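Contents: one structure, followed by commentary.
Please read all numbers here as calculations on a predicted model, not as lab measurements.
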Amino acid sequence: MSGWTADEIMTVTASRTLAGRTSCFVGIGLPSTAANLARRTCSPDLALIYESGAIGAKPGALPLSIGDGELAETADAVVSVPEIFNYWLQPGRVDVGFLGAAQVDRRGNINTTVIGEYAHPSVRLPGAGGAPEIAASCKETIVVVRHRPRTLVERLEFVTSLGFGDGPGHRAALGLRGRGPVRLITDLGVLEPDPRTCELTLTHIHPGVAVDQVRAATGWPLAVRSDLAVTEPPTAGELAALRSLTTRSSTRGGGIG
C-alpha cells in the first residue's frame, strides 16, 4: 500500500459506486463520508437524503448526526420524518441506501441491535433507526464496514435489517420492494452476492491485500470469484477531496468513521 490508508481506499471505492445515481439515503459514519465524497467527485448532482427530513443536503463538513443543523441549512427541502419514509423511501423512490453495520452475515443481513442474548446482551448497540426500512425499500443497498472477524460473522444473534434473509426468494416472500445489498465494501476489498445463492463473494481485492488476509478476517468460509479483480487505486483528486472533507470535519468533531 502506498499513498493512501485502508480507510481511504474503502471510502473512495464506496463513493465510486454512486456515479450516475440521482438519490442516496445516507447513514451516518462511513456511509456519510463516502456519499459526501461522491457529491464532490463522481456524482455532483447526487441528492443526499437523511432520515431527519433533509433532502438534497450539501453539508460543508461531515454531519455529526442525522440531526446536524447543517443538513437542514444546506438542503433543497426539509420535510417531516413520516414523509421521508412514507412518500420517498417506502414506495421505492430512492436509488440507493448506504448503510453501516456492527455485524454482517454471509447473506448481507445486518445487526445493529445487540451482541449476545437480547434480554441480557454483552453489548447493546445503537439500534435500528431507519436502517430496516432503507434495507427493505431502497432500489438497492450498499454496506460499508471495516473488515474484521467480529464484523463479518457466520451467524447474527439479532437481525436488525434484512439482506437476503435465509437465501434466494426470502425477500420476495416478504414482499420487499428493493433488490437488497448489491455490494459490501470494506477496507480489504469488495464482496457481492452470488446470483444463485445470495452468499457474499469476494469480487475485488484492494491493492496490497492478499486473499488469505481477507479470508482470515471473515467469519465464514469465504468464496472468491474466479476472475477476482484488483480495485483501482484512489486518484490524487479523490484523495485530495476526501482529505479536505475529513480535515474540515475534524474541527467539528467528525471524521472518517
Applying salt bridge (Lys or Arg N to Asp or Glu O under 4.0 Å), name anything that partners Arg124, two or more places apart in sequence or on another chain. none

Consider only side-chain heavy atoms of I, L, V, M, F, W and Y, link residues closer than 4.5 Å, and tell whether Val143 and Leu89 are in one cluster. yes

Apart from Ile115 itself, residues in the same hydrophobic cluster as defined by side-chain heavy atoms under 4.5 Å: Val123, Leu125

Do Ile55 and Ile84 come close enough that some side-chain heavy atom pair is under 4.5 Å? yes

For Glu154, what residues pass the side chain to side chain contact (heavy atoms under 4.5 Å, CB included) criterion, not counting sequence neighbours? Arg106, Trp220, Pro221

Holding to salt bridge (Lys or Arg N to Asp or Glu O under 4.0 Å), I want the full list of residues that pass it with Arg21, two or more places apart in sequence or in another chain. Glu140

For Ala14, what residues pass the side chain to side chain contact (heavy atoms under 4.5 Å, CB included) criterion, not counting sequence neighbours? Ala34, Phe98, Val144, Ile185

Suppose clustering is done on Ile, Leu, Val, Met, Phe, Trp and Tyr with side-chain heavy atoms closer than 4.5 Å. Which residues sit in the same group as Tyr118? Val114, Phe158

Measure from the side-chain N and O atoms of Asp105 to the backbone N and O of Arg155, and report whether any donor-acceptor pair falls under 3.5 Å. no

Applying side chain to side chain donor-acceptor pair (under 3.5 Å), can you list everything that pairs with Thr113, at least two apart in sequence or on another chain? Thr160

Does the side chain of Arg93 reach to within under 4.5 Å of the side chain of Tyr87, using non-hydrogen atoms? yes

Is Arg177 close to Gln90 at the side-chain level, that is, under 4.5 Å between some pair of heavy atoms? no

Decide yes or no for Val96 and Cys24: does some side-chain heavy atom of the first lie under 4.5 Å from some side-chain heavy atom of the second? yes

Taking all heavy atoms of Ser15 and all of Cys42, pick out the closest pair and write down the distance. O-SG, 3.3 Å

Any side-chain donor-acceptor pair under 3.5 Å between Asp194 and Thr201? no

Residues forming a salt bridge (Lys or Arg N to Asp or Glu O under 4.0 Å) with Arg225, sequence neighbours excluded: Asp227

Can you sort out the partners of Ser65 under side chain to side chain donor-acceptor pair (under 3.5 Å), two or more places apart, ordered by chain and number? none

Is a donor from one side chain sitting under 3.5 angstrom from an acceptor on the other, for His204 and Thr231? no

Residues clustered with Val159, ILVMFWY side-chain links under 4.5 angstrom: Val153, Leu156, Leu162, Leu174, Leu176

According to side chain to side chain contact (heavy atoms under 4.5 Å, CB included), who are the partners of Ala131, at least two apart in sequence or on a separate chain? Leu99, Ser161

Quick test of your reading of the model: are Glu238 and Arg16 salt-bridged, counting only N-O distances below 4.0 Å? yes

If the condition is side chain to side chain contact (heavy atoms under 4.5 Å, CB included), which residues does Val214 pass it with, not counting sequence neighbours? His147, Leu188, Leu202, Ile205, Val209, Thr218, Leu222

Decide yes or no for Arg146 and Asp7: does some side-chain heavy atom of the first lie under 4.5 Å from some side-chain heavy atom of the second? yes

Do Ser137 and Phe85 make a side-chain contact, defined as non-hydrogen atoms from C-beta onward lying under 4.5 Å apart? no

Sub-4.5 Å side-chain heavy-atom contact between Val182 and Ile142: yes

